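What follows is a short report on a single structure.
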There are 2 protein chains.
Amino acid sequence: MSEPRWLTDEEQRTWRDFSAAVGMLRAHLETQLQQDAGMPHTYYELLVVLSEAPGQVMRMSDLAIATRSSRSRLSHAIARMEANGWVRREACETDKRGAFAHLTQAGLEALEAAAPGHVEAVRSSLFDPLTPEQIRQLGEISATIIDQLTPRCAAAAAEELERLERDTAGT
Amino acid sequence: MSEPRWLTDEEQRTWRDFSAAVGMLRAHLETQLQQDAGMPHTYYELLVVLSEAPGQVMRMSDLAIATRSSRSRLSHAIARMEANGWVRREACETDKRGAFAHLTQAGLEALEAAAPGHVEAVRSSLFDPLTPEQIRQLGEISATIIDQLTPRCAAAAAEELERLERDTAGT
DNA sequence: TACCCCTAGTTGAGCACTCAACTAAACTCC
DNA sequence: GGAGTTTAGTTGAGTGCTCAACTAGGGGTA
């Protein structure tokens with residue numbers, strides 16, 4: 001175990017600013033959406049993805065992947081959204097294990113009511129203060145981070161699987 | 001109420017990538033810290049700030065401000081961290097309402113055990129894939145967002161206050 | 001056909017957070 | 001110096017998350 005590669009003062013400053021900026025942005029958007037539309041940001045994202053799906057229906061698994069959510073989280077979320085009347089669960093005929101999440105009219109209306117305020121919040125807190133050049137840079141940076149982390153998610157899943165198998169082998 | 005300023009396709013792509021990148025980064029760091037050190041990222045931040053304070057003691061309010069946390073969140077967090085033995089609450093002699101949070105030896109050790117893994121995770125997922133130029137850009141962008149959102153927090157607090165007063169006036 | 005493993009989705013417990021309500025001490029101002 | 005207002009911090013209920021355990025159906029192989 002060698003000495004870790006600590007952050008330089010400069011890196012530390014950047015990291016703390018980035019952390020703070022992201023934290024403030026999240027908090028700002030979360031509060032705006034919660035107060036004005038009565039939903040957390042994750043539910044908003046689910047409504048957006050569902051509204052763009054053909055027929056406004058999606059299999060639970062596909063919806064989980066599209067929103068980078070765990071199956072469990074999605075299941076809980078859809079349960080609550082169904083209670084709100086925004087979504088309807090439907091059985092899958094060809095695979096009896098499966099389930100569809102179907103956006104309802106009320107769900108679409110909730111999204112349409114929430115969208116303008118949310119978009120305005122994103123625009124005014126992120127896009128307005130940045131120059132076009134910075135926006136381009138932010139896009140590049142984000143894409144790079146996604147590329148860096150995507151294989152790592154797969155690796156983590158594989159490791160998880162391996163650990164599980166090792167545990168099971170002992171019995 | 002005029003038509004909202006919707007995002008262009010380009011902006012939308014940038015926003016979704018940024019959202020995804022931040023989400024993946026958060027999830028990655030949260031999981032790493034939770035698995036390797038048994039603490040959420042917010043507790044790690046509290047330990048860091050406390051460890052850098054003179055005497056490793058801070059007033060609750062100051063700690064809340066330094067970590068951009070609500071009083072309530074901090075109070076709950078410190079309660080749990082005290083149960084873990086990482087922190088000790090101490091009374092303030094000069095202001096009987098006040099309380100100090102004092103980092104314990106065990107807390108410092110928990111931080112020292114957690115730090116290398118966390119720093120390595122930050123470095124490998126954020127700093128390694130970015131060029132020095134991009135890191136500089138990210139610092140600039142973050143500072144701009146902070147500047148944009150800081151007055152807005154104050155404004156939100158003022159508005160909240162005003163709302164409270166208006167409600168109270170009615171009684 | 002029977003067996004075994006894999007995949008889809010749900011469930012419940014536990015944790016962190018928010019919000020609103022609360023206690024108690026300090027300040028302010030007549 | 002006493003009443004009203006602020007400030008410091010806590011508390012409890014409700015919500016969304018994670019993790020692990022579970023049900024149940026699909027798919028392969030002998």
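Every chain is numbered from 1 and lettered A, B, ... according to where its sequence line falls, protein lines coming before strand lines. Keep in mind it's a predicted model, so treat the numbers as computed, not measured.
Among the nucleotides C/dG12, C/dA8, C/dA16, the one closest to the side chain of A/H76 is C/dG12. Picking from C/dA16, D/dT10, C/dA25 the nucleotide with the shortest atom distance to the side chain of B/M60 gives D/dT10.
For D/dC17, the OP1/OP2 oxygens have no side-chain nitrogen or oxygen of A/S70 closer than 4.0 Å. Put simply, A/R71 has a side-chain N or O that comes within less than 4.0 Å of OP1 or OP2 on C/dA8. OP1 or OP2 of C/dT10 sits under 4.0 Å from a side-chain N or O of A/R89.
Between A/R59 atom CZ and D/dG25 atom P the separation is 14 Å, expressed in whole Å. For the pair B/Q32 CD and D/dT18 C1', the computed distance is 16 Å after rounding to whole Å. Note: CD (B/Q34) to P (D/dC19) measures 8 Å, nearest angstrom. Between the CD1 atom of A/I78 and the P atom of C/dA8 there is a distance of 16 Å, given to the nearest Å. Across the protein-nucleic acid pair, B/R80 atom CZ and D/dT11 atom P stand 14 Å apart, rounded to whole Å. One can place NZ of A/K96 at 8 Å from P of D/dG25, the figure rounded to the nearest angstrom. Between the C1' atom of D/dA8 and the CD1 atom of B/I65 lies a distance of 11 Å, rounded to the nearest Å. One interatomic measurement links the two molecules: NE2 of A/H41 to C1' of C/dC17, which rounds to 17 Å at whole-angstrom precision.
Residue order along DNA chain D, read from the 5' end via each residue's closest nucleotide, puts A/R73 first among A/T94 and A/R73. In terms of position on DNA chain D, the residue among A/M39 and A/E93 whose nearest nucleotide sits closer to the 5' end is A/M39. Of the residues near DNA chain C, A/F100 and A/T31, the one whose nearest nucleotide (by heavy atom distance) lies more toward the 5' end is A/F100.
Between A/E52 and B/R16 there is a salt bridge, since at least one side-chain N of the basic residue sits less than 4.0 Å from a carboxylate O of the acidic one. Checked for salt-bridge contact, B/R80 and B/E82 miss the test: no charged N lies under 4.0 Å from a carboxylate O. By the 4.0 Å N-to-carboxylate-O rule, A/R13 lies too far from A/E11 to be salt-bridged with it.
One hydrophobic cluster holds both B/V122 and B/V22 under the rule that ILVMFWY side chains link at heavy-atom gaps under 4.5 Å.
On a pure distance criterion of 3.5 Å, a polar donor-acceptor pair joins the side chain of B/S72 and the base of D/dT11.
The aromatic rings of B/H41 and B/H118 sit tilted, their planes meeting at an angle between 30° and 60°.
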